[in-house]
Amino acid sequence: MRWKTAEYHGWGRALRAEGQLARPERRAALDALMGEEPAPAIGMRRSYGDACLNTGGRAVDMTRLDKFLAFDAEQGLLTVEAGVTLGEIVDTLGPKGWIPMVLPGTGFATVGGAIGNDVHGKNHHHDGSFCQHVTELTLIAPDGTAQTVKPDTPLFRATAGGLGQTGVIASAQLRMRRIKGDVMTVTERRAPDFDAFRALLDESHASYTVGWIDTTATGARLGRGILEEGETIAGLVPPKKPSKTVPLDAPGFALSSPVVRMFNRAYYARVPKRGRTVVKPLDNFFFPLDKIHDWNRLYGKRGFHQFQCVVPLTAVEVIRDMLGRVAVSGLASPLAVLKRTGPGRAGHLSFPMEGYTLACDLRARPDAVKLIQRLEAQTADAGGRIYFAKDALCSADRIPQMYPELEEWRAEVAKIDPDGVLKTDLVRRLSLRSAA
């Protein structure tokens, strides 16, 4: 296998790495590579920070291992290689009445990445996390040996949300959802403040629920936003809007505080006070930003950080306080999401817990670093967690408090990779494999 030196980055573009990458095209090449020169796997690099980076080391780019291997329509089971993206699955099987049980906010995430981060979606309050619907996976250890891993085993719990530290995921079998049709009916309702927003989230019984929140609003309007509730239906698929591309890094003023406030006011006002119901193609609802290629360039050359936390239901006032801090910082972008999460999680390091999750993008500035560190401290003190797939700044000493099953995970990983050849920048930064 030929290694090529490359510079690469996560989606936030604030952190970068230079190292050697290999791109096997067939399973046999992957097996041989892991047997001779083992390295951690990466996919489309849609994690925002350094989870997909290995500075000065090697990484296996899995994006060419993207074959559909089998589909059992009677049982609703799909087997694919790990480099298949979730968007490809939706595009292929959605018109036939099937989608994955759980879909995150981008279709560019690979199946391997979705397992390694145990991603969640707009239906977590009903259906849990991605790995709760993985019925088996094939894992290649650093010594090149492959094994089939089943749920409810120690190795599966260490692999689900385990950031690729138990081996390279070669393929997986997924339980699929039968849908009424490849169209979504989406009801949009405005919430004038945080209390109204929380009430809408708590009362919603829709299959899919997500809220956009205005992180520039202050005072009586603090926490205002728009709740979207979606259901699949049968019907004519609305025409898809053509994709657009952000060709250049935007100048610094593009997402300045006045610009973001003006955009957010207009975005909030687009939904009538009485609400409305619209019809959308599947991908427009599940992956709303995927039609804008390279949208991360809107933050300029320095990139951005995303802060995402989840806190227990009893700590909802912490979310309110966080929103107040973000609103007065002048650092927020239009991209901010508030959701209600359920208890579902599959692995020791899986992110979700029953509560509320807040995600917001902040321009990569020194003030943003200080703000995020403060928000992370609030998260830990409230008994919550930060999301490894989005993190770039958390300190290692907070992780045991956020993830009480860390030692169980460490013990299992040590059996598989005692020499630490699968470590990544995030694993080192957070001292995940050993005490800080």
Side-chain angles (χ1 to χ4, degrees), residues 76 86 90 94 97-105 118-133 175-214 223-235 238 268 270-288 308-320 323 336-346 350-359 384 387:
L86 300 181
V90 171
W98 297 93
I99 59 173
M101 288 291 295
V102 172
L103 290 166
D118 195 15
V119 300
H120 59 280
K122 300 173 179 66
N123 59 334
H124 184 270
H125 52 306
H126 293 309
D127 298 310
S129 63
F130 188 87
C131 290
Q132 291 181 277
H133 307 284
R175 185 181 299 111
M176 302 286 283
R177 177 190 298 281
R178 186 69 155 156
I179 57 176
K180 300 174 183 177
D182 58 338
V183 180
M184 300 290 300
T185 178
V186 182
T187 299
E188 299 174 315
R189 290 186 284 169
R190 278 167 43 170
D193 55 38
F194 183 73
D195 289 331
F197 206 146
R198 182 184 62 175
L200 288 178
L201 283 172
D202 292 347
E203 295 165 5
S204 177
H205 297 289
S207 297
Y208 299 95
T209 306
V210 63
W212 170 83
I213 197 161
D214 180 359
R224 72 175 183 178
I226 299 169
L227 184 73
E228 295 186 4
E229 298 170 295
E231 303 286 352
T232 62
I233 61 170
Y268 179 77
R270 72 183 178 86
V271 174
K273 288 184 179 180
R274 65 181 182 280
R276 67 180 183 182
T277 298
V278 296
V279 177
K280 297 182 179 182
L282 289 175
D283 55 353
N284 281 19
F285 176 74
F286 288 112
F287 317 129
Q308 183 167 4
C309 72
V310 61
V311 300
L313 293 173
T314 54
V316 65
E317 289 303 313
V318 174
I319 298 291
R320 187 199 302 269
L323 288 169
V337 172
L338 183 66
K339 295 198 296 273
R340 174 82 182 258
T341 49
R345 60 198 300 263
S350 296
F351 166 71
M353 65 168 61
E354 188 169 20
Y356 300 94
T357 176
L358 171 67
Y387 192 14

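Residues forming a salt bridge (charged side-chain N to carboxylate O under 4.0 Å, His left out) with Glu188 (at least two apart in sequence, or on another chain): Arg270, Arg276. In this view, Phe351 and His120, Tyr387 satisfy the ring-ring contact (aromatic ring centres under 6.0 Å, His included) rule, not counting sequence neighbours. Applying the salt bridge (charged side-chain N to carboxylate O under 4.0 Å, His left out) rule to Arg189 yields the partners Glu229; only residues at least two apart in sequence or on another chain are considered. Shown here are the salt bridge (charged side-chain N to carboxylate O under 4.0 Å, His left out) partners of Asp202, two or more places apart in sequence or in another chain: Arg340. Checked against salt bridge (charged side-chain N to carboxylate O under 4.0 Å, His left out), Asp127 has the following partners two or more places apart in sequence or in another chain: Arg177.
No side-chain heavy atom of Ser207 sits less than 4.5 Å from a side-chain heavy atom of Thr232. Under the 4.5 Å side-chain criterion, counting only non-hydrogen atoms from C-beta, Asn284 is not in contact with Val186. Met101 has its side chain out of reach of Asn123: every pair of non-hydrogen atoms, C-beta onward, lies at least 4.5 Å apart. By the 4.5 Å heavy-atom criterion applied to side chains, Ile179 and Trp98 are not counted as neighbours. The side-chain heavy atoms of Lys273 and Arg190, taken from C-beta on, include a pair separated by under 4.5 Å. In this structure, the side chains of Pro100 and Val90 come closer than 4.5 Å at one or more pairs of heavy atoms. Residues Glu228 and Met184 form no side-chain contact, since every pair of their non-hydrogen atoms from C-beta on lies 4.5 Å or further apart.
Interatomic distance, Leu200 CG to Leu227 CG, rounded to the nearest 0.5 Å: 5.5 Å. In this structure, the separation between CD1 on Ile99 and CZ on Arg178 is 11.5 Å, given to the nearest 0.5 Å. One finds the CG atom of Leu86 at 6.0 Å from the CZ atom of Phe287 (value rounded to the nearest 0.5 Å).
Counting all heavy atoms, side chain and backbone alike, His124 lies closest to Pro352 at NE2-CB, 3.2 Å. Shortest non-hydrogen contact noted between Gly94 and Leu282 is CA-CD1, 4.2 Å. Smallest separation of non-hydrogen atoms from Leu358 and Leu323: CD1-CD2, 3.9 Å. Here the shortest heavy-atom pairing between Arg320 and Asp195 reads NH2-OD1, 2.6 Å. Scanning both residues, Ala346 and Asp118, for their nearest heavy atoms gives N-OD2, 3.2 Å. In terms of heavy atoms, Tyr356 sits closest to Leu201 at CD2-CD1, 4.4 Å.
The backbone N or O of Cys309 lies less than 3.5 Å from a partner atom in the side chain of Thr357, making a donor-acceptor pair. For Asp214 (side chain) and Arg224 (main-chain N/O), no donor-acceptor pair under 3.5 Å exists by modelled atom type. Of the possible donor and acceptor atoms, none in the side chain of Thr277 sits under 3.5 Å from a partner among the backbone N and O of Thr187. A donor-acceptor pair is defined here as one N or O able to donate and one able to accept, closer than 3.5 Å; no such pair exists between the side chain of Glu231 and the backbone of Ala206.
Each of Pro104, Ser350, Cys131, Ser129 was compared with Val119 under the side-chain contact (heavy atoms from CB on, under 4.5 Å) criterion, and only Pro104 meets it.
Applying the ring-ring contact (aromatic ring centres under 6.0 Å, His included) test to residues at least two apart or on different chains, the pairs with a partner in residues 190-209 are Tyr208-Phe286.
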